[in-house]
*Asks:* 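The structure is given below, and queries will be raised subsequently.
All values below come from the heavy atoms of this structure, side chains included, with hydrogens, waters and symmetry mates left out. Lettering follows sequence order; numbering is per chain, from 1. None of these values were measured; they are calculated from a predicted model.
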Protein chains: 2
Amino acid sequence: MAKSSARKTRVPRGEARERIVRAAVEAFAEKGFEAASTRDIAQRAGTDQGLLTYHFPSKDALWRAAADRVFGIFESLDDRLASLEHADPKERSRGVIREFVRLMAKHPEFFRFMVDCGNRTDARQRWLVDTHIKPRFEYMKEHGVARVAGIEEAAVPHAFYALAGAAALIFAVAPNCRRLTGLDPRKPDAIEAHAEFIANLVVP
Amino acid sequence: MAKSSARKTRVPRGEARERIVRAAVEAFAEKGFEAASTRDIAQRAGTDQGLLTYHFPSKDALWRAAADRVFGIFESLDDRLASLEHADPKERSRGVIREFVRLMAKHPEFFRFMVDCGNRTDARQRWLVDTHIKPRFEYMKEHGVARVAGIEEAAVPHAFYALAGAAALIFAVAPNCRRLTGLDPRKPDAIEAHAEFIANLVVP
DNA sequence: CAATCGACTTTTCAATCGACAAGGTTCGGG
DNA sequence: CCCGAACCTTGTCGATTGAAAAGTCGATTG
């Protein structure tokens, strides 16, 4: 001990990698794929850029790891929705929507990932749709609001994007909303107000 | 004539500048501010990067010119809304919403500009909010759906972002929607279907 | 006709990008 | 004890970035 070097005693395996993924999620959500530099991500993670290329063969691979992380947020949603199974249809629909809004508020990075590569047609966009968005879309079609609120088959895409946009936009552009309206959508009160507003919109 | 040089005989003043702004709108909407390079914009406009710095002192200034252009789309909306003045309140609300959705479909770049700098807190975001978004927000508060649909004052920010997100997201991530659902939201049928869906949502 | 100006192109610059190579440090197992 | 593997740092590569300087050329003016 007592070495002059303040070096840490070796962090557990994968600890730095974990920090890198977290920093990547943050940076990609904030700036988009191309504008977020690997050096910026490394700095947020408290390491150097060289370590990124050690843990991930390319920036693209790092982005995919970050996307995996982002879409993992839905696992917590499934548990919460299960507790609503016993409620009556109308109140259950409202509960589902409220939980979805709360999730978007807690993880605005989901919306930003989706929008960032949403109008591209490259491999990254195809990968994101096929591996992450599609399963969620199917899940919503089967267990979501569609059946309860009585939405016909052809309107499902419209409902999907309308709900996602209505629920998430205000949190994805929180500084914008704060400056424009004076309301900070990140505050708990505002989150609940938005959840209630969207629930009233979809299930009056 | 018949010079070997294919040089054009001098285009009218500001013609190239106009092409540059149009190309900038396209590139900024597609990739975001930082990821859109001035050379890419120049190529879309059919000129060189040097001409950009001749017409605009900086990339930031070019972006502001592009933003001015993007928010100019609302002028055409005002005319269309005026023709709805005589309708009864409920049908007028539905008409306003439908026109708004059609506008978002025609100009998805609006939504992308808004989201791209929506979660920053820098000078660009402040400029966009103060010069362009705020007037639109106030306009909607006075003449928009708020009064007709009976939305209380405190819910106006929620309504604003919910409507914007619900109406515009599907068009802003059109390739995403196409791959995910098979529906191309850029087609006229899909646009009308989305307009009808959103109108039914807000004014049942 | 000569001078000049505005519009545009070409060249160049330092800074930064993603990727990679080479070396250093630390730890567990033989 | 030591040795290989895992983890991490440093240095460097060509390519690309925004910006600016310098050069080109047609139209205008005096």
Side-chain angles (χ1 to χ4, degrees), chain A residues 1-24 27-28 30-67 116-117 120 122-124, chain B residues 1-24 27-28 30-67 116-117 120 122-124:
Chain A
M1 50 186 155
K3 287 256 310 268
S4 62
S5 163
R7 190 168 204 76
K8 31 194 178 319
T9 68
R10 178 48 145 280
V11 296
R13 154 119 192 172
E15 200 272 346
R17 184 191 160 101
E18 169 67 20
R19 285 204 317 273
I20 290 172
V21 173
R22 257 201 296 268
F28 284 138
E30 189 175 307
K31 305 186 173 185
F33 176 79
E34 301 190 71
S37 74
T38 54
R39 283 172 176 83
D40 175 34
I41 295 173
Q43 195 172 11
R44 291 178 197 240
T47 61
D48 345 290
Q49 186 248 3
L51 190 61
L52 300 211
T53 71
Y54 169 75
H55 281 295
F56 303 93
S58 68
K59 187 183 180 182
D60 228 90
L62 173 58
W63 179 84
R64 281 194 297 271
D116 181 41
C117 77
R120 319 293 298 279
D122 54 12
R124 235 177 23 252
Chain B
M1 50 185 157
K3 285 255 312 267
S4 63
S5 163
R7 192 174 200 73
K8 31 196 176 317
T9 68
R10 180 50 144 280
V11 296
R13 155 118 192 173
E15 200 273 346
R17 185 192 160 102
E18 169 66 20
R19 285 202 318 271
I20 290 172
V21 173
R22 256 201 298 267
F28 284 137
E30 190 174 306
K31 306 187 171 183
F33 176 79
E34 301 190 71
S37 74
T38 54
R39 282 172 177 82
D40 175 34
I41 295 173
Q43 196 172 9
R44 291 177 197 241
T47 60
D48 345 291
Q49 186 250 0
L51 190 61
L52 300 211
T53 70
Y54 170 74
H55 281 296
F56 302 94
S58 68
K59 188 183 180 182
D60 227 89
L62 173 57
W63 179 85
R64 281 196 297 272
D116 180 43
C117 77
R120 319 292 299 279
D122 54 12
R124 230 172 32 246

*Asks:* Taking only side-chain N and O atoms of Y54(A), does any of them lie within less than 4.0 angstrom of OP1 or OP2 on dC8(D)?
*Replies:*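 No, because none of the side-chain N or O atoms of Y54(A) sits under 4.0 Å from OP1 or OP2 of dC8(D).
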*Asks:* What closest approach, in Å, do R124(A) and W63(A) show between heavy atoms, and which atom pair accounts for it?
*Replies:*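 Looking at all heavy atoms of both residues, the shortest contact is CG-CZ3, 3.3 Å.
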*Asks:* Whole Å only: how far is the CD1 atom of I41(B) from the P atom of dT17(D)?
*Replies:*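 In whole Å, dT17(D) P lies 11 Å from I41(B) CD1.
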*Asks:* What's the separation between atom CG in D116(B) and atom CD in E30(B), rounded to the nearest 0.5 Å?
*Replies:*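 Output value for this atom pair is 12.5 Å.
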*Asks:* With sequence neighbours left out, write down each residue that passes side-chain hydrogen bond (donor to acceptor under 3.5 Å, both in side chains) with R39(A), or none if nothing qualifies.
*Replies:*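 Expected list: none.
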*Asks:* Without placing hydrogens or testing angles, list every side-chain donor-acceptor pair under 3.5 Å for residues 46-53 of chain A, not counting sequence neighbours.
*Replies:*
residue: Q49(A); atom: NE2; partner: T38(A); partner atom: OG1; Å: 3.2
residue: T53(A); atom: OG1; partner: G50(A); partner atom: O; Å: 2.9

*Asks:* Sugar-phosphate means primed atoms, P, OP1 and OP2; the rest is base. With that split, encode nucleotides 10-22 of chain C 5' to 3' as B, S or - using protein heavy atoms under 4.0 Å.
*Replies:* B-B----BBBB--
*Asks:* With sequence neighbours excluded, what pairs up with D60(A) under the side-chain hydrogen bond (donor to acceptor under 3.5 Å, both in side chains) test?
*Replies:*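 D60(A) satisfies side-chain hydrogen bond (donor to acceptor under 3.5 Å, both in side chains) with R64(A) only.
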*Asks:* OP1 or OP2 of dC8(C) sitting under 4.0 Å from any side-chain N/O of H55(B)?
*Replies:*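 Looking at the OP1 and OP2 atoms of dC8(C), one of them is under 4.0 Å from a side-chain N or O of H55(B).
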*Asks:* Please work out the stems of DNA chain D from pairs that are Watson-Crick or G-U wobble with both distances under 3.5 Å, keeping only runs of three or more consecutive pairs.
*Replies:*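 Looking at DNA chain D, the stems formed by three or more consecutive pairs are C:1-30 with D:1-30.
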*Asks:* Could you tell me which residues satisfy side-chain contact (heavy atoms from CB on, under 4.5 Å) with K31(A), sequence neighbours excluded, listed by chain and number?
*Replies:*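 In terms of side-chain contact (heavy atoms from CB on, under 4.5 Å), with neighbours along the sequence ignored, K31(A) is linked to A35(A), A36(A), D40(A), R44(A), E34(B).
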*Asks:* Is there a side-chain contact between F56(A) and V21(A), using heavy atoms and a 4.5 Å cut-off?
*Replies:*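 The answer is yes, as the side chains (C-beta and beyond) meet within the 4.5 Å cut-off.
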*Asks:* Please state how far atom CD in E15(B) lies from atom P in dG26(D), giving the value in whole angstrom units.
*Replies:*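 After rounding, the gap between these two atoms is 18 Å.
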*Asks:* Go through the structure and list residues passing side-chain hydrogen bond (donor to acceptor under 3.5 Å, both in side chains) with Q43(B), not counting sequence neighbours.
*Replies:*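 Partners of Q43(B) by the side-chain hydrogen bond (donor to acceptor under 3.5 Å, both in side chains) criterion come out as none, since no residue qualifies.
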*Asks:* Could you tell me the separation between the CD1 atom of I20(B) and the C1' atom of dC8(C), rounded to a whole number of Å?
*Replies:*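 Interatomic distance, CD1 of I20(B) to C1' of dC8(C): 10 Å.
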*Asks:* dC7(D) P sits how many Å from L52(A) CG, rounded?
*Replies:*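 So the two atoms are 15 Å apart, to the nearest Å.
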